[in-house]
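Any value given below was found using the heavy atoms of this structure, including those in side chains, with hydrogens, waters and symmetry copies removed. This is a predicted model, so every value here is computed, not measured. Numbering of residues begins at 1 and proceeds along the displayed sequence. For ligands, and for the atoms within them, numbers begin at 1 and follow the listed sequence.
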Amino acid sequence: MSFIDLHAHLLPHWDDGSDSWKTTMEMLRQGAADGISQVVCTPHVMSKKDLDEESTIIKLYNELLQRAAAEHLDIRLHLGAELFIQPDIDFSRRIATYGGNRRYFLVEFPMNLIPDFVAKTFFDCLLEEHIPVVAHPERYARILADSSKAFDFVERGALLQINAGSLLGTFGQNVRATAITLLDHQLAAVVSSDAHDVKMRPLKLKAAFQFVCDRWGSEQAQRLFVDNPRRILAGEEVTVEPIRPAEGPQDATEKFKSLLRKVGIKK
Ligand SMILES: [Fe+2]
């Protein structure tokens, strides 16, 4: 399988991802062995100041290209960023969009609150045909409490990127249940690794791909791990057909029981 990973923290010494070139190269080897054929480096960009320092990121990326070529690694690299939401995003920056395609950008929110200005910012972006890809919505408190909020983003034109680890339980059972709910309602456009290191959050997609194949079928898995990521990188149209989840907060115990049923454990 040839997975395309749209979210990975491979560049060393920039954010909380890879802590050395040794780790970065180990992550890349891991990804290649796991069936990942292309990966986008998406360093955290927390502010306008970080975005203005894109030359540092580009320098690290160029060094990574050289190191990967020297090792003849069978994995193609691209550059982007994971932008922390801010009211004005400078889309003239090369790293602001996937591969500089000026169309799709990866964006994250604070974990505990989704700021009020997000709706207007997204609206303004979409008017200019800059399409937000929301990183790991299943991890945000607001969406954990009410997954219909995720539907609102998709309805307005954003795409959702689920973390592979969320589907496998890396972030706990609540996050896992929410990720499953989002896939049950056809809200996800893509599954990515959000790799940070070699052990806890590795550059791997195969296990999550298998989980999606088993639960939602191989066509859906192909769309989430291969076809949609390829389209996003190429700046092509991506369509989703979302179903609105039940509104309102879900009882955590009920949600957990429902998860156990979903993964085939009766309680
Ligand atoms: Fe990330």
Side-chain angles (χ1 to χ4, degrees), residues 3-20 23-24 26-28 30-31 34 36 38-47 50-51 53-54 56-58 60-61 64 75 77-86 89 93 95-99 104-115 118 131-144 150 153 158-172 175-176 178-179 182 188-205 207-208 224-225 228-229 232-233:
F3 307 125
I4 301 176
D5 191 349
L6 294 189
H7 187 166
H9 298 269
L10 286 163
L11 302 180
H13 314 301
W14 172 265
D15 57 18
D16 59 339
S18 169
D19 57 2
S20 64
T23 300
T24 298
E26 187 55 39
M27 288 166 80
L28 274 187
Q30 222 172 27
D34 196 64
I36 296 173
Q38 300 187 53
V39 58
V40 188
C41 301
T42 53
H44 285 292
V45 166
M46 304 304 287
S47 61
D50 278 358
L51 200 53
E53 280 177 32
E54 73 168 357
T56 308
I57 289 173
I58 292 170
L60 285 168
Y61 174 67
L64 180 58
I75 188 163
L77 294 156
H78 305 271
L79 184 59
E82 182 177 14
L83 304 174
F84 194 78
I85 187 71
Q86 46 199 281
I89 299 166
R93 296 291 182 187
I95 63 168
T97 51
Y98 274 114
Y104 293 100
F105 64 101
L106 183 66
V107 64
E108 68 169 342
F109 308 135
M111 283 295 165
N112 292 323
L113 126 152
I114 299 175
V118 170
I131 301 169
V133 178
V134 177
H136 42 65
E138 72 280 5
R139 297 188 60 205
Y140 300 128
R142 183 103 185 260
I143 291 171
L144 277 164
F153 283 115
L159 300 178
L160 304 185
Q161 175 261 307
I162 308 293
N163 278 5
S166 298
L167 290 168
L168 302 174
T170 307
F171 305 99
V175 170
R176 189 179 191 207
T178 302
L182 298 185
V190 52
V191 178
S192 308
S193 73
D194 194 7
H196 276 68
D197 52 42
V198 177
K199 283 192 181 145
M200 296 301 291
R201 299 172 71 180
L203 191 73
K204 288 184 178 178
L205 289 173
L224 293 169
F225 291 78
N228 284 347
I232 289 170
L233 258 185

Ring geometry between His9 and His196 (parallel below 30°, tilted from 30 to 60°, perpendicular above 60°): tilted
N/O/S atom name from Glu82 that is nearest to the position of the Fe ion (ligand 1): OE1
Shortest-distance N/O/S atom, Asp194 versus the Fe ion (ligand 1): OD1
Side chains of Thr23 and Ser18, donor plus acceptor under 3.5 Å: no
Side chain to side chain donor-acceptor pair (under 3.5 Å) assessment of Asp194 paired with His7: CA-CA 5 Å; Asp194 194 7; His7 187 166; 2.7 Å; yes
Verdict with reasoning, Gln38 to His78, per side chain to side chain donor-acceptor pair (under 3.5 Å): CA-CA 8 Å; Gln38 300 187 53; His78 305 271; 2.7 Å; yes
Hey, is the Fe ion (ligand 1) within less than 2.8 Å of some N/O/S atom on [X]?
| X | result |
| --- | --- |
| Glu108 | no |
| His7 | yes |
| His9 | yes |

Ring centers of Phe153, Tyr140 separated by less than 6.0 Å: no
